[in-house]
Amino acid sequence: MDWLKEIEGKSVHDCHKAKMKKMTKPIWVPGPVIVGAGPSGLAAAACLKHKGISSLILEKDDILASIWQFKTYDRLRLHLPKQFCELPLMPFPQNYPSYPTKQQFLAYLESYANHFDIKPAFSNTVVSAEFDHRCGYWRVKCERVKKKEEIEYVCRWLIVASGENAVEVVPQIEGMGEFEGPIMHTSSYKSGSMFCGKNVLVVGCGNSGMEVCLDLCNHNAQPSLVVRDSVHILPQQMFGKSTFGLSMSLLKWFPIRFVDKFLLLMSHFMLGDTAQFGINRPKFGPLELKNLYGKTPVLDVGTVAQIKSGKIKVCRGIKRLAQNAVEFVDGKIESFDAIILATGYKSNVPSWLKGTDMFSEKDGLPRKQFPNGWKGENGLYAVGFSKRGLFGSSIDAKRIAEDIERS
């Protein structure tokens, strides 16, 4: 292959320019290269293997699902029932509860990788991936920091599976440098045990923020929750069934707005009027809002009851921070010992995927020209970027494997 020799020559040239890195010759990968060894990457690799297609997973850390391993809190459980969170071709063990714990989910991922004999190339940080129009292949460059070397892989298909939650979103708040207590993102939060007896402000009212507040309550802290925007809170279960599962069943027979009205009616009956304690609902219904803007409703696991009882305070947006106090936009000033930022994550794809504008620089998610969020141009695919959680990752993985098989 003349083009491969040309790439090797360029790699040698680049090697002389690098002072600390050793460049090896390009490695040809006959199947797809998958970036990320989390649930999405594993699902893609398993679906491909099921169709007789080998693949190579590149993972920057030295362990499977590193975000689940290191950046989640101890009490975390899957927010949806296990049948909506299982990866393709292998269900959860029957003895698992309806909502598996973090530890159970990680054990499932390990078993999944073993079952399909998936062996990622760990400690490979992708620094750039670019489609070479001259030869018609993807060139993926990785750094092995420990070995101080750079490797280039050449492949026909590139599957982005590094996830929507690769990089913490940390808002810039006036006075952050003056606040004397700890300010941490939920990626560093493990348990409320270290905050016993302390006043803690949780910024962000998504599923993580609500659950961290509940965990703080359970460890005898005094949490307050910043609710800046409107948000839908739904019971996790209705009539003994998961709200998500019930919604999916109803959508088979009724239009989305009818289902939304039903969900809001039941939520008002079961949780009360959330506006009474400072949490307003958006104009659109929960399912319509999810479809239009990708904003996921909160599934309550007990936080609302603690808000009603007064154990969790609801605050407006933050105006500025001081040494040991927070001033809110409504003029109130309160003292806090610590601040936890439940402000979410974003993708890091634009930092390494070159030569394409298919992923937004703002949040790293696929743009509109990325049809259905899973297939791009020149053999580029994405799995796990549909804002539908693990359920969406499984659907993407199946579609990608089928598409590559047809290729």
Side-chain angles (χ1 to χ4, degrees), residues 38-40 42-43 64-65 67-113 163-165 186-187 189-193 202 204-219 225 231-251 259 263 266-267 270-271 286-287 290 295-307 312 342 344-345 384 386-395:
S40 295
L42 295 177
L64 294 174
I67 290 178
W68 282 85
Q69 296 272 8
F70 303 127
K71 295 188 177 184
T72 52
Y73 40 91
D74 294 342
R75 64 158 285 137
L76 178 65
R77 285 179 174 267
L78 297 183
H79 291 122
L80 301 181
K82 60 184 179 181
Q83 64 265 32
F84 298 109
C85 299
E86 63 190 24
L87 301 186
L89 307 170
M90 180 177 157
F92 281 98
Q94 289 186 352
N95 63 341
Y96 272 28
S98 295
Y99 298 90
T101 65
K102 164 187 171 179
Q103 292 74 22
Q104 288 172 326
F105 182 62
L106 288 171
Y108 167 73
L109 293 181
E110 192 72 39
S111 297
Y112 190 86
E164 301 168 325
N165 302 324
T186 47
S187 60
Y189 177 91
K190 296 302 176 186
S191 165
S193 58
V202 178
C205 58
N207 279 302
S208 293
M210 297 284 279
E211 197 160 345
V212 165
C213 275
L214 181 60
D215 190 54
L216 288 165
C217 272
N218 292 340
H219 286 88
L225 179 68
V231 62
H232 281 299
I233 303 178
L234 306 177
Q236 190 178 42
Q237 292 189 309
M238 294 180 181
F239 305 113
K241 296 184 177 181
S242 78
T243 299
F244 179 81
L246 183 61
S247 300
M248 294 301 101
S249 298
L250 291 173
L251 286 173
V259 179
L263 293 176
M266 290 303 303
S267 296
M270 297 176 69
L271 302 177
L287 300 182
K290 174 71 173 175
K295 190 172 182 180
T296 303
V298 172
L299 296 174
D300 179 57
V301 292
T303 309
V304 170
Q306 300 292 2
I307 292 174
I312 298 175
Y345 299 81
S386 59
K387 287 188 174 292
R388 290 179 294 171
L390 295 166
F391 183 71
S393 293
S394 294
I395 294 174

Q) So do His232 and Ser267 actually touch side chain to side chain, heavy atoms under 4.5 Å? A) no
Q. With side chains defined as the heavy atoms from C-beta onward, is the minimum distance between Ser393 and Pro39 less than 4.5 Å?
A. no
Q) Of the non-hydrogen atoms in Ser208 and Tyr73, which two are nearest, and what is the gap between them? A) CA-OH, 3.7 Å
**Q.** From Leu216 atom CG to Ile312 atom CD1, the distance as rounded to the nearest 0.5 Å
**A.** 8.0 Å
Q: Looking only at non-hydrogen atoms, find the nearest pair between Tyr96 and Lys82 and report the distance.
A: O-NZ, 2.7 Å
Q | Flag side-chain contact, heavy atom, 4.5 Å: Met270 against Asp300 | A | no
Q: Drop me the distance from Arg388's CZ to Lys290's NZ, to the nearest 0.5 angstrom.
A: 9.0 Å
Q.
Let's go through Leu390 and Phe105 carefully: what are the C-alpha distance in whole Å and the side-chain angles of both, what is the deciding distance for side chain to side chain contact (heavy atoms under 4.5 Å, CB included) to 0.1 Å, and is it a yes or a no?
A. CA-CA 12 Å; Leu390 295 166; Phe105 182 62; 3.7 Å; yes
Q. Hey, are the side chains of Trp68 and Leu76 touching, using non-hydrogen atoms and a 4.5 Å cut-off?
A. yes
Q.
Less than 4.5 Å apart, side chain to side chain, heavy atoms only: is that true for Ser242 and Gln83?
A. no
Q: Answer yes or no: is there a side-chain heavy-atom contact under 4.5 Å between Leu87 and Leu109?
A: yes
Q: Give the minimum heavy-atom separation between Cys205 and Val298, together with the two atoms involved.
A: O-CG2, 3.3 Å
Q) Is there a donor-acceptor contact under 3.5 Å from the side chain of Lys190 to the main chain of Arg75? A) no
Q. For Leu214 and Met210, what are the C-alpha separation, side-chain angles and deciding distance, and is it a side chain to side chain contact (heavy atoms under 4.5 Å, CB included)?
A. CA-CA 6 Å; Leu214 181 60; Met210 297 284 279; over 6 Å; no
Q.
Please report the interatomic distance OG(Ser386) to CD1(Ile395), rounded to the nearest 0.5 Å.
A. 7.0 Å
Q | Distance (rounded to the nearest 0.5 Å) between Cys85 SG and Phe92 CZ | A | 6.0 Å
Q. What closest approach, in Å, do Gln69 and Leu64 show between heavy atoms, and which atom pair accounts for it?
A. CG-O, 3.3 Å
Q. How are the rings of Phe244 and Phe391 set to each other: parallel, tilted or perpendicular (split at 30° and 60°)?
A. perpendicular
Q: Starting at OH of Tyr99, measure out to NE2 of His79 and round the result to the nearest 0.5 Å.
A: 10.5 Å
Q. Do Thr303 and Glu211 come close enough that some side-chain heavy atom pair is under 4.5 Å?
A. no
**Q.** Nearest heavy-atom neighbours spanning Leu42 and Tyr112
**A.** O-CE2, 3.6 Å
Q) Is a donor on one side and an acceptor on the other found under 3.5 Å between the side chain of Ser193 and the backbone of His219? A) no
Q.
Using 0.5 Å steps for rounding, measure from the OG1 atom of Thr243 to the CD atom of Gln237.
A. 7.5 Å
Q: Let me see the working for Leu287 and Leu251 under side chain to side chain contact (heavy atoms under 4.5 Å, CB included), right down to the final yes or no.
A: CA-CA 10 Å; Leu287 300 182; Leu251 286 173; 4.0 Å; yes
Q. Is the side chain of Asp215 donor-acceptor paired with the backbone N or O of Ser191 at a distance under 3.5 Å, no angle test?
A. no
Q: Under the side chain to side chain contact (heavy atoms under 4.5 Å, CB included) rule, what do Leu78 and Gln104 come out as? Steps first, then yes or no, please.
A: CA-CA 10 Å; Leu78 297 183; Gln104 288 172 326; over 6 Å; no
Q.
Restricting to non-hydrogen atoms, name the atom on Thr186 and the atom on Val212 that form the minimum distance, rounded to 0.1 Å.
A. CG2-CG2, 4.1 Å
Q.
Donor-acceptor check, side chain of Lys295 to backbone of Pro286, threshold 3.5 angstrom: yes or no?
A. no
